[in-house]
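Residue numbers start from 1 in every chain, and the chains themselves are labelled A, B, ... in the order their sequence lines are given, proteins ahead of strands.
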Amino acid sequence: MPELPEVEVTCRGLRLHLLGRTVVTVRSSGKSLRQPIAEDLIRHCLCAKAIHAVERRAKYILIRFEGKAVLVVHLGMTGKLGVFPRDGEAAKHDHLALSLDNESELRFNDARRFGSVVVWPGDEAEELEQTFLARQGLEPFSAEFTGENLYELARQCRLPIKSFLMDSRRISGIGNIYANETLFAAGIHPLCPANSLSTEQWQDLATCAVRILKQAIAAGGSTISDFLGASGQPGYFQLQLAVYGKKGEECSQCGEEIEKEVIGGRATFFCARCQKRRHQG
DNA sequence: CGGCGCACCTGAGTGC
DNA sequence: TGCACTCAGGTGCGCC
């Protein structure tokens, strides 16, 4: 479900409910996510602590607490983080709940359990965050997300441009939906080798990516099957998708049939007429 | 090191 | 109704 826009929408929703609240109790399902949930450590680090900030880094949600501890959440494919009335019914696949000091509860739900929840204790948080940040790719909304930097990053890399865009160690936040949409907007074929683009083409691609990600955030993200924001609201950007999931439909620009091909193991949608393999700088 | 295939897990959809 | 199979928004491992 969650690429940068969905994670950002979740963060913004959480902020409204969580800032200034204090954690009262912690409980988990006992089921393992990508790693086991360190329930006791989470309880020890977060109970009676106030929430100071909710931030996004790449596709991670960082919830910062009084005393510097940080709860780091990744939504995986089906994860949802939301705030509910404490006495409301638990949903299937709820795996962690932090009850708060106002009768509400922060819940992490994840059917496939590809997500993760980790706590950085206050006395280690700074060091752990440095290590974490060093492993993340370029942030699309940062000043460093420029044609020149992307050109440099891709210089040695012959991967298909689509696989490059989706590589979180190189670029943060762009997954399968937004890689497809960005390449269509930029008129670039997904199999184009990453190192075949000029600085100018990279700049154009960067501009398209940022525009689409911002539009998606404004639409509340994409709800393809089950994404919901922090207050349980769906997104609507799926109504604006140009190619993702549209195999066999007419291209909105030229009327040609949208094609589907598997690239790097992921479904890839494109218009072969609008998206060319070779570009003149 | 680069790039590929696959594993992790559940649920929804399809075809027989 | 049920079974078998495919596919899904992400990441990270082992292997060549």
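Using modelled atom types, one side-chain atom of A/T10 and one backbone atom of A/E6 make a donor-acceptor pair closer than 3.5 Å.
Judged by a 6.0 Å distance limit and a 45° cone about the ring axis, A/K162 is not positioned over the six-membered ring of A/F270.
Within 6.0 Å of CD on A/E66 lie more than 12 heavy atoms contributed by other residues, nucleotides or ligands. Within 6.0 Å of CZ on A/F145 lie more than 12 heavy atoms contributed by other residues, nucleotides or ligands. Heavy atoms from other residues, nucleotides or ligands lying under 6.0 Å from CD of A/Q240 number more than 12.
Atom NZ of A/K162 and atom P of B/dG3 are 16 Å apart (whole Å). Distance A/K80 NZ to C/dG10 C1': 15 Å, rounded to the nearest Å. Rounded to an integer number of Å, the gap from CE of A/M77 to P of C/dG12 is 14 Å. Counting to the nearest Å, the C1' atom of B/dC1 and the CZ atom of A/R170 are 10 Å from each other. The distance from atom CG of A/N109 to atom C1' of B/dG11 is 13 Å, rounded to the nearest whole Å. The interatomic distance linking A/R158 (CZ) with B/dC1 (P) rounds to 16 Å, in whole Å. Taking atom NZ of A/K59 as the reference point, atom C1' of C/dT11 lies 9 Å away to the nearest angstrom. One can place NZ of A/K247 at 13 Å from C1' of C/dC7, the figure rounded to the nearest angstrom.
Within the nucleic acid shown, A/G175 comes within 4.0 Å of sugar-phosphate atoms alone, with no base atom in reach, counting heavy atoms only. Using a 4.0 Å heavy-atom distance criterion, A/I224 is classed as a base contact. Using a 4.0 Å heavy-atom criterion, one finds that A/R34 contacts the bases of the nucleic acid, with or without backbone contacts as well. Residue contacts shown for A/Y178 are absent, as no nucleic acid heavy atom lies under 4.0 Å away. Residue contacts shown for A/R169 are absent, as no nucleic acid heavy atom lies under 4.0 Å away. If you check every strand for non-hydrogen atoms under 4.0 Å, A/S32 touches nothing.
Taking the six-membered ring for Trp and the full ring otherwise, the centers of A/Y60 and A/H74 sit less than 6.0 Å from each other.
Taking the C1' atom of each, B/dG3 and C/dG9 are spaced 23 Å apart, rounded to whole Å. If you take atom P in B/dC9 and the same atom in C/dC3, they sit 23 Å apart, rounded to whole Å.
Going from atom CH2 of A/W120 over to atom CZ of A/F65 covers 13.0 Å, rounded to the nearest 0.5 Å. For the atom pair OG1 (A/T25) and CG (A/D101), the distance works out to 11.0 Å, reported to the nearest 0.5 Å.
Distances shown here put a side-chain N or O of A/R113 below 4.0 Å from the OP1 or OP2 atom of B/dT10. For the pair A/R266 and C/dG9, the criterion of a side-chain N or O lying under 4.0 Å from OP1 or OP2 is met. The phosphate of B/dC9 (OP1 or OP2) has no side-chain N or O of A/H93 nearer than 4.0 angstrom.
Where DNA chain C pairs in unbroken runs of 3 or more (Watson-Crick or G-U, both distances under 3.5 Å), the stems are B:2-8 with C:10-16, B:10-16 with C:2-8.
Distances from the side chain of A/K92 to the nucleotides B/dG3, B/dG11, B/dC9 place B/dG11 closest. When distances are taken from the side chain of A/R135 to each of B/dG3, C/dG12, C/dG9, the shortest belongs to C/dG12. Comparing C/dA8, B/dG3, C/dG9 by their closest approach to the side chain of A/C157 singles out B/dG3.
Aromatic stacking is marked for A/F114 over B/dC8, as both cut-offs hold: 5.5 Å for the centres and 30° for the planes.
Toward the 5′ end of DNA chain C lies the nearest nucleotide of A/F269, the other residue of the pair A/F269 and A/Y60 mapping further downstream.
Using a 4.5 Å heavy-atom cutoff, the side chains of A/S172 and A/L4 are not in contact.
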